[in-house]
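Values in this document were obtained by computation on a predicted structure and should not be read as measured data.
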Amino acid sequence: VMFSLWDKIAENSPALIFLINFFIYRLCFLLLFKKTLGMILCKLKYLNRELNELPFLQRILMTFFINTDGVKVFKNKP
C-alpha cells in the first residue's frame with residue numbers, strides 16, 4: 001500500500017518527492033550529527049540564545065524551519 005501511494009505521488013508531483021527526501025535528509029543529519037552536510041563542510045554549527053548546542057526537540061524543529069527564534073549559526077573555532 002505504501003509503495004502504491006509513493007508511486008502515485010511520484011507520478012503527479014516530483015517536486016513533492018524532492019521535498020520529502022530533503023526533509024528526511026535534514027532530519028537524519030541533524031539528529032545524528034547535529035549538523036547538515038553543508039554545515040559540516042563549512043564548519044558551522046547551530047547554537048541557541050545561551051550559546052549552547054540545540055536540544056533534541058529544537059533539532060527536530062530545525063529540520064522543517066530554517067530559522068527559528070533564538071537559533072543562530074556560528075563558525076566553529078579552529
Would Y46 and K34 count as a side chain to side chain contact (heavy atoms under 4.5 Å, CB included) here? Give the steps. CA-CA 8 Å; Y46 283 127; K34 299 180 182 178; over 6 Å; no
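Hydrophobic clustering places L32 together with L61 (ILVMFWY residues linked when any side-chain heavy atoms are closer than 4.5 Å, directly or through intermediates).
Within the model, atoms CD of E53 and NZ of K35 stand 7.5 Å from one another, a figure rounded to the nearest 0.5 Å. Note: K45 NZ to M39 CE = 9.5 Å, rounded to the nearest 0.5 Å. One distance of note links CZ of R26 with CZ of F64; it measures 9.5 Å at 0.5 Å rounding. From F22, atom CZ reaches atom CG of L27 across 12.0 Å, with rounding to the nearest 0.5 Å.
The closest donor-acceptor contact from the side chain of Y25 to the backbone of L37 lies under 3.5 Å.
Each of T36, L54, I60 was evaluated against L30; a single residue qualifies, T36, per the side chain to side chain contact (heavy atoms under 4.5 Å, CB included) test.
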